[in-house]
Amino acid sequence: MQRRQLRDLTVSALGLGCMGMSEFYGKGDDAESSAVIHRALDLGCTFLDTADMYGPFTNERLVGRAIAGRRQEVVLATKFGNERREDGSWVGVNGRPDYVRQACDASLERLGVDHIDLYYQHRVDTQVPIEETVGAMAELVEAGKVTHLGLSEAGAGTIRRAEAVHPITALQSEYSLWSREVEEEILPTVRELGIGFVAYSPLGRGLLTGAYRSAADLPEGDTRTSRFPRFGPEHLDRNLVMVERVRELAERKGCTPGQVALAWVLARGDDVVPIPGTKRRHYLEENLAALEVSLDADDLAWIEANVGEASGDRYADMGTVNR
């Protein structure tokens, strides 16, 4: 397995996003999800990403059970800040120092570990100065509960202010063939500061794989059409046209559309680590094979000329991102 650096943290070049194993993308299967995690570790994909709000809370428990006995193999990332209740209802974004400490202890217990390798603030709380939130996160490092700190969907100014309090190892934000907003200001900022970049939803929440030709192809209980406008009726047809363009290149390369999409993100720099999510072993293996797909200058130029930004916002409510 290839390795990449997120500042001073070494991780597998491709990580595994675990969110969809527990929520949002249809019914989960804990046994298969555990098998996916075990297979990932066997193949050297050891950078696992979860969060307390996934489930809520059930995804951390799932990941914790799956890595029991193999903790030393794992670079474990989780997040706090999107506060939810046990019944799934939303409380809001919370960056208060007392909540940071409480959330970390709860995550450690659910995961069954004594430390978290990379602890992210999931979303920026605009009511709490970032200095206070990161100050509390830094206390967790001092206490040995966390080894590296991260932010998710933070704006350039917020990143700079956070970095002034404590070194930030990684910024996690959405980045894919058709979600490139971070290239304008965010990527230059983290590169200037020496911060690594973790790309979530590098497959466009599955749409770039070519697996979905209409909303009817989504599994029962899937929330993508309601939570993500790009799957909605006013945008989906236009986005599927671009998916077909990705498929054209994939056929020429002898790979899948998803592998082209991942290879493109991997080609953005050695400081960029995609974390595609899946809850099936065969998709995990397909994703990891993207590491063997090479896009040359002609391929990249073709993509620039033929694959543009997606139609529709990334979220139905963009109010908590890119601050």
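These numbers come from the heavy atoms of this one structure, side chains and all, not from hydrogens, waters or symmetry mates.
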Inset, instruction - Check the hydrophobic clustering (I, L, V, M, F, W, Y; side-chain heavy atoms under 4.5 Å; chains of links allowed) and say if V128 and I168 are grouped together. - result: no
Legend entry - Sequence neighbours excluded - side chain to side chain donor-acceptor pair (under 3.5 Å) pairs with any residue from residues 286-298: T256-E286
Legend entry - Any side-chain heavy-atom pair of V100 and Q121 under 4.5 Å: no
Legend entry - Nearest atoms (heavy-atom pairs only) where N94 meets Y99: ND2-CG, 3.3 Å
Inset, instruction - Just say parallel, tilted or perpendicular for the rings of F80 and Y119, cut-offs at 30° and 60°. - result: tilted
Inset, instruction - Starting from the C-alpha separation in whole Å, work towards a yes-or-no answer on side chain to side chain donor-acceptor pair (under 3.5 Å) for T50 and R110. - result: CA-CA 12 Å; T50 182; R110 285 188 292 267; over 6 Å; no
Legend entry - Residues Y315, T320; criterion side chain to side chain contact (heavy atoms under 4.5 Å, CB included); working and verdict: CA-CA 10 Å; Y315 290 92; T320 63; over 6 Å; no
Inset, instruction - Could you tell me whether R85 and D87 make a salt bridge, using a distance below 4.0 angstrom between a side-chain N and a carboxylate O? - result: no
Output a table of donor-acceptor pairs, distance under 3.5 Å, between side-chain atoms of residues 20-29 and any protein atom two or more places apart or on a different chain; print 'none' if there are none.
unit_1: S22; atom_1: OG; unit_2: N59; atom_2: ND2; d: 2.8
unit_1: E23; atom_1: OE1; unit_2: G55; atom_2: N; d: 2.7
unit_1: E23; atom_1: OE1; unit_2: R84; atom_2: NH1; d: 2.8
unit_1: E23; atom_1: OE2; unit_2: R84; atom_2: NH1; d: 3.2
unit_1: E23; atom_1: OE2; unit_2: R84; atom_2: NH2; d: 2.9
unit_1: Y25; atom_1: OH; unit_2: R205; atom_2: NH1; d: 3.0
unit_1: D29; atom_1: OD1; unit_2: A31; atom_2: N; d: 3.1
unit_1: D29; atom_1: OD1; unit_2: E32; atom_2: N; d: 3.1

Inset, instruction - Output the distance between atom CG (L76) and atom CD1 (I116), rounded to the nearest 0.5 Å. - result: 7.0 Å
Legend entry - I67 with F47, same ILVMFWY side-chain cluster at under 4.5 Å: yes
Inset, instruction - Check whether any side-chain heavy atom of N82 lies under 4.5 Å from a side-chain heavy atom of W90, and answer yes or no. - result: yes
Inset, instruction - May I ask you to say whether R61 pairs ionically with D30, meaning some side-chain N is under 4.0 Å from a carboxylate O? - result: no
Inset, instruction - State whether R227 and D222 are salt-bridged, where the test is any N-O pair (Lys NZ or Arg NE/NH1/NH2 against Asp/Glu carboxylate O) under 4.0 Å. - result: no
Inset, instruction - Go through the structure and list residues passing side-chain hydrogen bond (donor to acceptor under 3.5 Å, both in side chains) with D125, not counting sequence neighbours. - result: none
Legend entry - Heavy-atom closest contact (W178 atom, G204 atom, distance): NE1-CA, 3.8 Å
Legend entry - Min side-chain heavy-atom separation L187-Y175 under 4.5 Å: yes
Inset, instruction - Please test C18 against L62 for side chain to side chain contact (heavy atoms under 4.5 Å, CB included), starting from the C-alpha separation and ending with a verdict. - result: CA-CA 9 Å; C18 299; L62 168 65; over 6 Å; no
Inset, instruction - Compare all side-chain heavy atoms of V74 with those of V63 and state whether any distance is below 4.5 angstrom. - result: no
Inset, instruction - Just do the side chain to side chain donor-acceptor pair (under 3.5 Å) check on E60 and S107 with the steps written out, would you? - result: CA-CA 7 Å; E60 285 186 327; S107 287; 2.8 Å; yes
Inset, instruction - Starting at NE2 of H122, measure out to CG of D52 and round the result to the nearest 0.5 Å. - result: 8.5 Å
Inset, instruction - Would you mind reporting whether L177 and V265 have side-chain heavy atoms less than 4.5 Å apart? - result: no
Throw together a table of side-chain donor-acceptor distances under 3.5 angstrom for residues 134-146, partners on residues two or more places apart or in other chains.
unit_1: E139; atom_1: OE1; unit_2: R101; atom_2: NH1; d: 3.0
unit_1: K145; atom_1: NZ; unit_2: D105; atom_2: OD1; d: 2.8

Inset, instruction - Check whether L16 and V113 end up in the same hydrophobic cluster, where Ile, Leu, Val, Met, Phe, Trp and Tyr are linked by side-chain heavy atoms less than 4.5 Å apart. - result: yes
Legend entry - Pair R245 + E248: basic N to acidic O under 4.0 Å: no
Legend entry - Q127 atom CD: more than 12 heavy-atom contacts under 6.0 Å: no
Inset, instruction - Report yes or no: do V273 and V293 belong to one cluster of Ile/Leu/Val/Met/Phe/Trp/Tyr joined by side chain heavy-atom distances under 4.5 Å? - result: yes
Legend entry - Spacing of L6 atom CG and L171 atom CG [to the nearest 0.5 Å]: 10.5 Å
Inset, instruction - Decide yes or no for R39 and H282: does some side-chain heavy atom of the first lie under 4.5 Å from some side-chain heavy atom of the second? - result: no
Legend entry - Pairwise distance OG1(T46) to CG(L14) - rounded to 0.5 angstrom: 11.0 Å
Inset, instruction - Show the numbers, then the answer: is there a side chain to side chain contact (heavy atoms under 4.5 Å, CB included) between T209 and V243? - result: CA-CA 8 Å; T209 66; V243 173; over 6 Å; no
Legend entry - E184 atom CD, neighbour heavy-atom count above 12 within 6.0 Å: no
Legend entry - For M1 against S12, the heavy-atom pair lying closest together: CG-CB, 3.8 Å
Legend entry - Smallest separation among heavy atoms of V124 and V93, with atom names: O-CG1, 3.5 Å
Inset, instruction - Calculate, to the nearest 0.5 Å, the distance between atoms CG and OG1 belonging to L149 and T133 respectively. - result: 11.5 Å
Inset, instruction - Provide the closest heavy-atom pair for A316 versus S226 in the form atom of the first, atom of the second, distance. - result: CB-O, 3.9 Å
Legend entry - Non-hydrogen atoms of L262 and A290 that approach each other most closely: CB-CB, 3.7 Å
Inset, instruction - Return yes if some donor-acceptor pair links the side-chain N/O of R230 with the main-chain N/O of G312 below 3.5 Å, else return no. - result: yes
Legend entry - Full working for salt bridge (Lys or Arg N to Asp or Glu O under 4.0 Å) between R314 and E153: CA-CA 12 Å; R314 295 192 286 120; E153 292 286 3; 2.8 Å; yes
Legend entry - Neighbour count >12 (heavy atoms, 6.0 Å) for atom CD, E109: no
Inset, instruction - For residues 266-280, pull every pair meeting salt bridge (charged side-chain N to carboxylate O under 4.0 Å, His left out), keeping only residues two or more places apart or in separate chains. - result: R4-D270, E183-R268, R191-D271
Inset, instruction - Determine whether F57 and L111 fall in the same hydrophobic cluster, where Ile, Leu, Val, Met, Phe, Trp and Tyr are linked whenever their side-chain heavy atoms lie under 4.5 Å apart. - result: no
Legend entry - Set of side-chain hydrogen bond (donor to acceptor under 3.5 Å, both in side chains) partners for R161, sequence neighbours left out: E131
Legend entry - Test item: W302 and R252 side chains (from C-beta on) under 4.5 Å apart, heavy atoms: yes
Inset, instruction - Give the C-alpha distance, both sets of side-chain angles, the deciding distance and a yes or no for side chain to side chain donor-acceptor pair (under 3.5 Å) between H115 and R71. - result: CA-CA 10 Å; H115 73 281; R71 175 66 179 96; 3.3 Å; yes
Inset, instruction - Apply side chain to side chain contact (heavy atoms under 4.5 Å, CB included) to I186 and I159, showing your working. - result: CA-CA 9 Å; I186 303 301; I159 295 166; 4.3 Å; yes
Legend entry - From CG (L203) to OG (S176), nearest 0.5 Å: 8.5 Å
Inset, instruction - Would you confirm whether T169, through its side chain, and R7, through its main-chain N or O, come within 3.5 Å as a donor-acceptor pair? - result: no
Legend entry - Donor-acceptor contact below 3.5 Å, side chain D49 vs main chain A77: no
Legend entry - Side chain to side chain, V182 and F197, heavy atoms closer than 4.5 Å: yes
